[in-house]
Structures are given as structure tokens and as C-alpha cells.
Amino acid sequence: MTVWVGLTGGIGSGKSKAAAEFVALGVPHIDADALSRSLTADNGKALPAILETIGGHVFESEGRLNRAALREEVFRRPQTKAILESLMFPLILQEIRLQQAQYSDKIYGIIDVPLLVENPPFLALVQRVLVIDVEEAAQIERVKQRSGLSEDEIRRIMASQAPRRERLLHADDVIKNDCSLSELAEKVQRLHRFYIHTLKAV
């Protein structure tokens, strides 16, 4: 039976870079964000329900979502966020399960979910939790450099995520990403060897 490891970390933690290192090692990788984007792409499976429940004002045209308008709607009306999650989460969970079934012969795989600990239905899909951890000051600086967002904007995003302490309380494994890319790769490789050795017998 494949053991599924939930990969998570706050914004700017380097979670995506860690995921890429696992992929380079041949580990199955399921990306919840990528699935969400595909569901809301042009003529995606989620669009009819979004149109019906949120309205046509968040669409550019029939079958094409206006993502900027949807973000603004979520920002202005918090209840829209709850509505959107109630539509999207079951569809994302369904897609994850379909992909999990394709890797039933593997020792372990990664399910990449930014808001893993915030959402129990996603936690239920994994047997272990791996947190990519970094100091909050480093998170802010990294996001500033890559996105140009202000510190206030970054802190607002961070406030919408689980606190660092809560993520660490859920963690079975932690990679401290206060290092270079090559050192991060080495840490992932060590953990990969540990998983292969210990999860093979599960």
C-alpha cells in the first residue's frame, strides 16, 4: 500500500522547491493547487457551479473565469470564500483520489497542499505530514523578492494560513529550509532514503 505524505508550508517556505526535489527523485507528486487551477481553467469542471452560486460577474465570458474579479469578490465578501471552498474542495479531493489510485504500487508519494493542516478532509488523505519550515522574517523577505508584494500584504496572506506553531504540531517530519538550494536538495534526499527504508514495510 502506498503511504501518502502531505507536504505543506507557509508562503515563502520553499515548499515548491522541496516538491521539485522529490519529483526529481521519481516520487509520485500530486499538486492540489494545480488541480484547482485545472478545475477553474477555461471550461473547467468547477465553472458551472461557480457561475450558478457566485454569479456571472466573476466571468470574462461563457466558460472563462475572471480570476482577478473572483479574488476581489472573495476579499470583499468573506462568505464567498466559504462558498467557493464548499464547491472546490469536493472536486479537488475527488481528483486527488483518482491520481492516488494510479500509484498504488509505489512505496510512498507526496500530496502537495499549502493549506493542509487547515482542512481536515485533506489531512484524511495522508498518513504522514511533512512541513517545510522557515522563520517568519525569511518568509516575508523571500516573498518580497519574488512577488513585489508589500510587507502588509504578505502578512495578510500569512494571517490567512495556519500559524507556524500549528503546522509544526501536525508534523511527522520537518525540513528546516534556512539553507541554500543544494542543501535543501540534500535534506530532501536524506528524507527520501528514510522514507524508502521505513515505509517499505508499512
Audit row: Lys45, Glu95, salt bridge (Lys or Arg N to Asp or Glu O under 4.0 Å) steps and yes/no
CA-CA 11 Å; Lys45 289 181 183 179; Glu95 293 296 322; 2.9 Å; yes
Under the criterion side-chain hydrogen bond (donor to acceptor under 3.5 Å, both in side chains), I'd like the reasoning laid out for His57 against Glu73: C-alpha separation, chi angles, the key distance, then a yes or no.
CA-CA 9 Å; His57 63 288; Glu73 176 77 8; 3.2 Å; yes
Would His170 and Thr8 count as a side-chain contact (heavy atoms from CB on, under 4.5 Å) here? Give the steps.
CA-CA 10 Å; His170 279 84; Thr8 194; over 6 Å; no
Tell me, with the steps shown, if Glu151 and Arg155 meet salt bridge (Lys or Arg N to Asp or Glu O under 4.0 Å).
CA-CA 6 Å; Glu151 183 167 332; Arg155 288 191 179 278; 3.1 Å; yes
Output, in order, the C-alpha distance, side-chain angles, deciding distance and verdict of side-chain contact (heavy atoms from CB on, under 4.5 Å) for Lys106 and Val3.
CA-CA 8 Å; Lys106 302 296 183 180; Val3 175; over 6 Å; no
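Scanning both residues, Ala162 and Glu166, for their nearest heavy atoms gives CB-OE1, 3.9 Å. The two residues Leu184 and Ala18 make their nearest non-hydrogen contact at CD2-N, 4.0 Å. Of all heavy-atom pairs between Gln161 and Gly10, the closest is OE1-CA, 3.4 Å. Considering every non-hydrogen atom in both Leu65 and Val58, the closest pair reads CD1-O, 3.3 Å. The nearest pair of heavy atoms linking Pro28 to Tyr108 is CD-O, 3.4 Å. Residues Gly12 and Val134 approach most closely at O-CG1, 4.1 Å, considering heavy atoms.
Arg142 places a side-chain N or O within 3.5 Å of a backbone atom of Ser13 that can act as its donor or acceptor partner. Put simply, the side chain of Gln127 gets close to the backbone of Trp4: a donor and an acceptor are under 3.5 Å apart. The main-chain N or O of Asp42 is never found under 3.5 Å from a side-chain atom of Arg64 such that the two would form a donor-acceptor pair. Side-chain atoms of Ser36 never come within 3.5 Å of backbone atoms of Ala32 as a donor-acceptor pair (strictly under, hydrogens ignored).
If you chain together hydrophobic residues whose side chains sit under 4.5 Å apart, Val126 and Val131 fall into the same group. Hydrophobic clustering of Ile, Leu, Val, Met, Phe, Trp and Tyr side chains at less than 4.5 Å, counting indirect connections, unites Leu168 with Val113. Using a 4.5 Å cut-off between side-chain heavy atoms of Ile, Leu, Val, Met, Phe, Trp and Tyr, with links allowed through other members, Leu115 and Leu7 fall into different hydrophobic clusters. Transitive grouping of hydrophobic side chains (ILVMFWY, heavy atoms separated by less than 4.5 Å) keeps Tyr195 and Val174 in distinct clusters. Both Leu87 and Ile96 belong to a common hydrophobic cluster when Ile, Leu, Val, Met, Phe, Trp and Tyr are linked at side-chain heavy-atom distances under 4.5 angstrom.
Within the 4.5 Å cutoff, the side chain of Phe59 has no heavy atoms near those of the Leu70 side chain. In this structure, the side chains of Glu183 and Asn177 stay at 4.5 Å or more apart for every pair of heavy atoms. Proximity of Leu125 to Gln100: side-chain heavy atoms (C-beta onward) are separated by under 4.5 Å at one or more points. Between Val129 and Val5, the closest side-chain pair of non-hydrogen atoms is not below 4.5 Å. A 4.5 Å side-chain heavy-atom check between Arg128 and Asp173 finds at least one atom pair inside the cut-off. Considering only heavy atoms from C-beta on, Leu130 comes within 4.5 Å of Phe22 through its side chain.
The pair Asp133-Arg167 does not meet the salt-bridge criterion, since no charged nitrogen lies less than 4.0 angstrom from a carboxylate oxygen.
Atom NZ of Lys144 sits about 6.5 Å away from atom CD1 of Ile154, to the nearest 0.5 Å. Note: Thr2 OG1 to Gln102 CD = 11.5 Å, rounded to the nearest 0.5 Å. The line from CD1 of Ile111 to CD1 of Ile30 is 5.0 Å long, rounded to the nearest 0.5 Å. The CG atom of Leu93 sits 10.5 Å away from atom CE of Met88, with the distance rounded to the nearest 0.5 Å. In this structure, CD in Glu85 is found 3.5 Å from NZ in Lys81, a value given to the nearest 0.5 Å. Atoms CD1 and NZ, on Ile132 and Lys17 in that order, are 12.0 Å from each other to the nearest 0.5 Å.
Under the side chain to side chain donor-acceptor pair (under 3.5 Å) test applied with Arg164, the options Glu136, Glu135, Gln139 reduce to a single match, Glu135. Screening Glu60, Arg71, Glu72 for a side chain to side chain contact (heavy atoms under 4.5 Å, CB included) involving Asn66 leaves a single residue, Glu60.
A 6.0 Å sphere centred on NZ of Lys176 holds more than 12 heavy atoms belonging to other residues, nucleotides or ligands. In the displayed structure, Arg76 atom CZ is contacted under 6.0 Å by more than 12 heavy atoms of other residues, nucleotides or ligands. Crowding of Gln79 atom CD: a count of heavy atoms from other residues, nucleotides or ligands under 6.0 Å exceeding 12.
No hydrogens or angles considered: a donor-acceptor pair under 3.5 Å links the side chains of Glu141 and Gln145.
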